[in-house]
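Here the structure comes first, spelled out in structure tokens, and everything after it is commentary.
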Amino acid sequence: MIRTTSEFPQIQVNQGNWFATNFDKPHTVSLVTNIHFRKGKTFNMNFNFSSGRPVTGLTSNYVVGGIFVPNFGNRNEFRIPNYFRIDFSYLTNGFVRKWDDKINFSVYNLTGRRNAYSVFFQREGRSQRLIPFQVSILGSVFPSFTYTVSFGK
């Protein structure tokens, strides 16, 4: 939590009241599981969860002289949705016994969840009202396949 105080009320953020910083995430959980099966075979799973970060949200719109004017709430009063992601990978020895080769199959964001990176407000169509939009950076499943050969040690 943070606050700004000043003898000049015009420059105080959030009327001098305490508010959450942009990096405030009260809950963060990361679990990593590595399971080694037979020689050279490994299964890995990652679980990530964190509370949504605080944002300053639009609480209402009002009209002045035919123009919509946005009315934002207190500083960082709202939070974007929580972040949740599961990844997994499987690593095994390769095809050629004489080489030091490996095959890795992995999936990033197994659930395909569109985790919010940020929320912004913009006018929708010809409407003058501001509408919230959620930005997701990687909002789908990303599989990958890697074949690695190491030459020399």
Between [X] and [Y], what is the shortest heavy-atom contact and its length?
{"X": "Leu58", "Y": "Pro70", "result": "CD1-CB, 3.4 Å"}
{"X": "Pro54", "Y": "Asn76", "result": "CB-CB, 3.5 Å"}
{"X": "Thr111", "Y": "Val141", "result": "C-CG2, 4.5 Å"}
{"X": "Asn104", "Y": "Ser89", "result": "OD1-CB, 3.7 Å"}
{"X": "Glu77", "Y": "Thr59", "result": "OE1-CG2, 4.5 Å"}

Single-linkage hydrophobic cluster Val32~Tyr108, side-chain heavy atoms < 4.5 angstrom: no

hydrophobic_cluster_shared for Tyr90 and Phe145, side chain cutoff 4.5 Å: no

Backbone N/O of Asp101 and side chain of Thr148: donor-acceptor pair under 3.5 Å: no

Side-chain donor/acceptor of Thr33 to backbone N/O of Asn44, under 3.5 Å: no

Evaluation steps, side chain to side chain contact (heavy atoms under 4.5 Å, CB included), between Thr21 and Met1: CA-CA 6 Å; Thr21 65; Met1 299 290 276; over 6 Å; no

Enter the distance from [X]:[atom1] to [Y]:[atom2] here, rounded to the nearest 0.5 Å.
{"X": "Ser106", "Y": "Phe142", "atom1": "OG", "atom2": "CZ", "result": "12.0 Å"}
{"X": "Ile11", "Y": "Ser6", "atom1": "CD1", "atom2": "OG", "result": "3.5 Å"}
{"X": "Asn34", "Y": "Leu91", "atom1": "CG", "atom2": "CG", "result": "10.5 Å"}
{"X": "Phe72", "Y": "Asn61", "atom1": "CZ", "atom2": "CG", "result": "8.5 Å"}
{"X": "Phe19", "Y": "Thr56", "atom1": "CZ", "atom2": "OG1", "result": "8.0 Å"}
{"X": "Asn14", "Y": "Thr4", "atom1": "CG", "atom2": "OG1", "result": "8.0 Å"}

Test item: [X] and [Y] side chains (from C-beta on) under 4.5 Å apart, heavy atoms:
{"X": "Tyr83", "Y": "Phe49", "answer": "no"}
{"X": "Pro132", "Y": "Gln134", "answer": "no"}
{"X": "Ile86", "Y": "Met45", "answer": "yes"}
{"X": "Asn48", "Y": "Ser50", "answer": "no"}
{"X": "Phe133", "Y": "Gln122", "answer": "yes"}
{"X": "Arg75", "Y": "Asn17", "answer": "no"}
{"X": "Phe47", "Y": "Val29", "answer": "yes"}
{"X": "Phe37", "Y": "Thr42", "answer": "no"}

More than 12 heavy atoms of other groups within 6.0 Å of Tyr147 OH: yes

Residue Lys25 excluded, over 12 heavy atoms near NZ under 6.0 Å: no

Below 3.5 Å, can you tabulate the donor-acceptor pairs from side chains in residues 114-121 to any protein atom, sequence neighbours excluded?
unit_1	atom_1	unit_2	atom_2	d
Asn115	OD1	Phe84	N	3.0
Asn115	OD1	Arg113	NE	2.8
Asn115	ND2	Phe84	O	2.9
Ser118	OG	Arg53	NH2	3.4

Test side chain to side chain donor-acceptor pair (under 3.5 Å) applied to Tyr62 - qualifying residues, sequence neighbours left out: none

Salt bridge (charged side-chain N to carboxylate O under 4.0 Å, His left out) partners of Arg85, counting only residues at least two apart: Asp87

